[in-house]
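These notes are about the structure you will find just below.
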Amino acid sequence: MEQSTYFTSTNTKIRGTLTLPDNINKPPVCLFVGGSFPQTRNGNLDNSKKDWFPVTLPDRNLFKDEAKLFKKLGYATFRYDKRGCGESEGDCDHVGLFTLVDDAREAIKWLKTLPEIDNNRIGILGQSEGAVIALMLAAENLDLAFYIWQGGVYNNLETILKWQRDNFWKLEQDAIENFKNTFPLMYWVYVKTDELCDKIKQGNTNLTLGDETWSKELDFLIWKQHFDYPPFEFISKVKCPVLLLHGDLDHNTPHTEALLATEALKKAGNTQVKTHIFPGLDHSFRRLGNPDEDFVTAMKRPLDPEVNEAIRQWFSN
C-alpha cells in the first residue's frame with residue numbers, strides 16, 4: 001500500500017509517499033534521503049525547476065524502484081520531495097545543508113509517531129548528498145537500526161568538485177558539448193570550479209554562472225556548509241550497521257570514497273560494515289555502455305539487479 005502524506009519541519013510541509021508491505025503488522029521502516037539539487041521523492045531531478053534544468057531530464061525513479069524492493073523484503077519506506085521541490089513547501093534555491101539535515105531528522109521523529117510501523121526499527125538510506133545527510137544523522141545516535149550509503153562522499157566537497165572537474169575535461173568534445181546543453185549548471189560549475197571554491201572560502205555568498213543562453217545565480221550557503229563540515233568528521237561516530245553501495249564508474253563521486261569510509265568505520269570500532277563496489281555501474285547504479293558515457297543517457301536504463309541483490313542479501317543476513 002502507498003499513501004501520500006507529509007511531516008512538518010520548521011513550519012514547512014514536506015510531502016512524500018509512505019509505502020507499507022502487505023500483510024505485515026508493524027514492519028520496520030527505511031527513510032530515503034535524496035541527493036543534490038532539486039529532487040523529488042522518486043529520486044528524480046525536479047524538471048519543473050527550469051532555471052536549474054532548462055532541458056527535461058529523464059526520470060530514473062531510483063527511490064520508487066527501491067521502495068518496491070524494500071516492500072518485497074517486508075520493509076516500509078518513506079520517500080519525500082526535498083524542501084521546495086515537487087509538492088513540498090519551502091525554498092530550494094537558498095536552502096542550507098543543516099536545514100536539509102533538520103528536515104530528515106524531523107522525518108525520523110514523525111515516523112516514530114506512526115502506529116502502523118515498528119518505531120524501534122527505523123533505518124535511513126541516502127543517495128549522493130543524501131548519503132552525507134544520512135551519515136550526519138547516523139552519527140547523532142538517533143537509535144537508527146541501520147544506515148545505507150549510496151554513492152556518498154567521505155572527503156571535503158572541494159576535493160570532490162575538483163576531481164569531477166578534472167575528469168570532465170578529459171571527455172571527448174562532443175560529450176562536453178552535449179553535457180553543456182543538457183545540464184548547463186554543472187558544465188558552468190566545472191568551467192568556474194577554481195573561482196567558485198575561492199569565492200566560497202573568501203566569504204562570498206553567491207556567483208552567477210552561465211552565458212547569454214543560460215544563467216543562474218548560485219547561492220553558496222549549502223556549498224559553504226559542505227566545505228566546512230566534511231563527512232569524515234562524522235563517520236567515526238556511526239555505530240549502527242552500515243551498508244555501503246558504490247559504482248566503480250561513478251562520475252559524481254569516486255568509488256574510493258566508499259573504501260575510505262569503510263576503513264574509517266572499522267577503525268572506529270564498527271564491526272557491522274558491508275561494502276559493495278559494483279563494476280560498470282554509475283552514480284545511479286545504471287550500467288554504462290562505456291566508461292565515459294554521460295549520466296543523462298544512462299538515466300534511461302533500469303536500476304541494475306546486482307544492487308537489488310546486494311540489498312536483499314544484506315537484510316537476509
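Everything numeric in this text was worked out from a predicted model, so none of it was measured. Count residues from 1 along the sequence.
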Starting from Leu259, walk the hydrophobic network (Ile, Leu, Val, Met, Phe, Trp, Tyr; side-chain heavy atoms closer than 4.5 Å) and list everyone else you reach, by chain and number.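 Other cluster members: Ile277.
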Output the rest of the hydrophobic cluster of Leu221: all Ile, Leu, Val, Met, Phe, Trp and Tyr residues reachable through side-chain heavy-atom contacts under 4.5 Å, sorted by chain and number.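 Via sub-4.5 Å side-chain contacts, Leu221 links to none.
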What's the verdict on side-chain hydrogen bond (donor to acceptor under 3.5 Å, both in side chains) for Glu257 and Asn155, showing C-alpha distance, side-chain angles and the deciding distance? CA-CA 7 Å; Glu257 296 293 290; Asn155 280 299; 2.8 Å; yes
Steps toward side-chain contact (heavy atoms from CB on, under 4.5 Å) verdict (Lys162, Cys197): CA-CA 9 Å; Lys162 291 182 176 180; Cys197 291; 4.2 Å; yes
Beyond-backbone contact of [X] with [Y], side-chain heavy atoms, under 4.5 angstrom:
{"X": "Glu172", "Y": "Ile176", "answer": "no"}
{"X": "Ser88", "Y": "Arg15", "answer": "yes"}
{"X": "Val238", "Y": "Leu265", "answer": "yes"}
{"X": "Tyr187", "Y": "Leu209", "answer": "no"}
{"X": "Phe179", "Y": "Glu177", "answer": "no"}
{"X": "Leu243", "Y": "Val273", "answer": "no"}
{"X": "Val29", "Y": "Leu31", "answer": "no"}
{"X": "Leu207", "Y": "Glu217", "answer": "no"}

Say whether Lys64 and Thr19, considering side chains only, have a donor N or O and an acceptor N or O under 3.5 Å apart.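 The answer is no; no qualifying pair exists.
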Do Thr208 and Ser215 have side-chain atoms, one donor and one acceptor, less than 3.5 Å apart?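 Ser215 and Thr208 do not have a side-chain donor-acceptor pair below 3.5 Å.
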Within a 6.0 Å radius of atom [atom1] on [X], are there more than 12 heavy atoms belonging to other residues, nucleotides or ligands?
{"X": "Lys266", "atom1": "NZ", "result": "no"}
{"X": "Lys274", "atom1": "NZ", "result": "no"}
{"X": "Phe227", "atom1": "CZ", "result": "yes"}
{"X": "Lys267", "atom1": "NZ", "result": "no"}
{"X": "Asn290", "atom1": "CG", "result": "yes"}
{"X": "Lys237", "atom1": "NZ", "result": "no"}
{"X": "Gln173", "atom1": "CD", "result": "yes"}
{"X": "Glu195", "atom1": "CD", "result": "yes"}

For Thr256 and His246, run side-chain hydrogen bond (donor to acceptor under 3.5 Å, both in side chains): C-alpha distance rounded to whole Å, both residues' side-chain angles, the deciding distance at 0.1 Å, then the answer. CA-CA 9 Å; Thr256 49; His246 218 117; over 6 Å; no
I need the minimum non-hydrogen distance between [X] and [Y], along with the two atoms involved.
{"X": "Ser4", "Y": "Thr17", "answer": "OG-OG1, 4.4 Å"}
{"X": "Leu249", "Y": "Pro291", "answer": "CD1-CA, 4.0 Å"}
{"X": "Leu111", "Y": "Phe78", "answer": "CD2-CB, 4.0 Å"}
{"X": "Ala67", "Y": "Arg79", "answer": "CB-NH1, 3.5 Å"}
{"X": "Pro241", "Y": "Ala145", "answer": "CD-O, 3.3 Å"}
{"X": "Trp223", "Y": "Ile200", "answer": "CB-CD1, 3.6 Å"}

Any chance you could measure [X], atom [atom1], to [Y], atom [atom2], to the nearest 0.5 Å?
{"X": "Phe232", "Y": "Leu135", "atom1": "CZ", "atom2": "CG", "value": "12.0 Å"}
{"X": "Lys72", "Y": "Asp22", "atom1": "NZ", "atom2": "CG", "value": "12.0 Å"}
{"X": "Leu18", "Y": "Arg41", "atom1": "CG", "atom2": "CZ", "value": "11.0 Å"}
{"X": "Asp250", "Y": "Phe285", "atom1": "CG", "atom2": "CZ", "value": "7.5 Å"}
{"X": "Cys85", "Y": "Leu45", "atom1": "SG", "atom2": "CG", "value": "9.5 Å"}
{"X": "Leu69", "Y": "Tyr75", "atom1": "CG", "atom2": "OH", "value": "11.0 Å"}

Treat each ILVMFWY residue as a node, draw an edge where side-chain heavy atoms are under 4.5 Å apart, and state whether Trp188 and Leu161 are in one component.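 They do share one cluster, since a chain of ILVMFWY contacts under 4.5 Å joins Trp188 to Leu161.
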Verify side-chain hydrogen bond (donor to acceptor under 3.5 Å, both in side chains) between His255 and Asp248, making sure each step is shown before the conclusion. CA-CA 5 Å; His255 72 274; Asp248 80 339; 5.7 Å; no
Between [X] and [Y], is there a side-chain N and carboxylate O pair less than 4.0 Å apart?
{"X": "Glu2", "Y": "Lys71", "result": "no"}
{"X": "Arg287", "Y": "Glu293", "result": "no"}
{"X": "Glu158", "Y": "Lys201", "result": "yes"}
{"X": "Lys224", "Y": "Asp228", "result": "yes"}
{"X": "Lys82", "Y": "Asp103", "result": "no"}
{"X": "Glu87", "Y": "Lys13", "result": "no"}
{"X": "Asp211", "Y": "Lys180", "result": "yes"}

Residue pair Leu244, Gln150: steps toward the side-chain contact (heavy atoms from CB on, under 4.5 Å) verdict: CA-CA 6 Å; Leu244 298 100; Gln150 294 190 164; over 6 Å; no
Indicate yes or no for a side-chain donor-acceptor contact from Arg286 to the backbone of Ser284 under 3.5 Å, with no hydrogens or angles considered.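 Between the backbone of Ser284 and the side chain of Arg286 there is a qualifying donor-acceptor contact (under 3.5 Å).
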For residues 114-125, tabulate all N or O donor-acceptor pairs below 3.5 Å that involve a side-chain atom, not counting sequence neighbours.
from: Asp118; atom 1: OD1; to: Asn120; atom 2: N; distance (Å): 2.9
from: Asp118; atom 1: OD2; to: Arg121; atom 2: NE; distance (Å): 2.9
from: Asn119; atom 1: ND2; to: Lys112; atom 2: O; distance (Å): 2.9

Residue pairs involving residues 83-107 (criterion ring pair (Phe, Tyr, Trp, His ring centres under 6.0 Å); sequence neighbours excluded):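 Matches after skipping sequence neighbours: Phe98-Tyr229.
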Sort and list the pairs that fulfil ring pair (Phe, Tyr, Trp, His ring centres under 6.0 Å) and have at least one residue in residues 11-46, not counting sequence neighbours.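 Sorted pair list: Phe32-Phe63, Phe32-Phe70, Phe37-Trp52.
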If you apply the rule ring-ring contact (aromatic ring centres under 6.0 Å, His included), what do you find for Phe315 with Phe146, and how did you get there? CA-CA 10 Å; Phe315 279 121; Phe146 57 85; 5.2 Å; yes
Starting from the C-alpha separation in whole Å, work towards a yes-or-no answer on side-chain hydrogen bond (donor to acceptor under 3.5 Å, both in side chains) for Lys239 and Thr271. CA-CA 9 Å; Lys239 303 304 179 184; Thr271 60; over 6 Å; no
Can you name the residues that form a side chain to side chain contact (heavy atoms under 4.5 Å, CB included) with Asn44, not counting sequence neighbours?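 For Asn44, the residues satisfying side chain to side chain contact (heavy atoms under 4.5 Å, CB included) (neighbours in sequence not counted) are Thr40, Asn42, Asp59, Arg60, Asn61.
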Classify the angle between the aromatic ring planes of His276 and Phe278 as parallel (below 30°), tilted (30 to 60°) or perpendicular (above 60°).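 Plane angle under 30°, so parallel.
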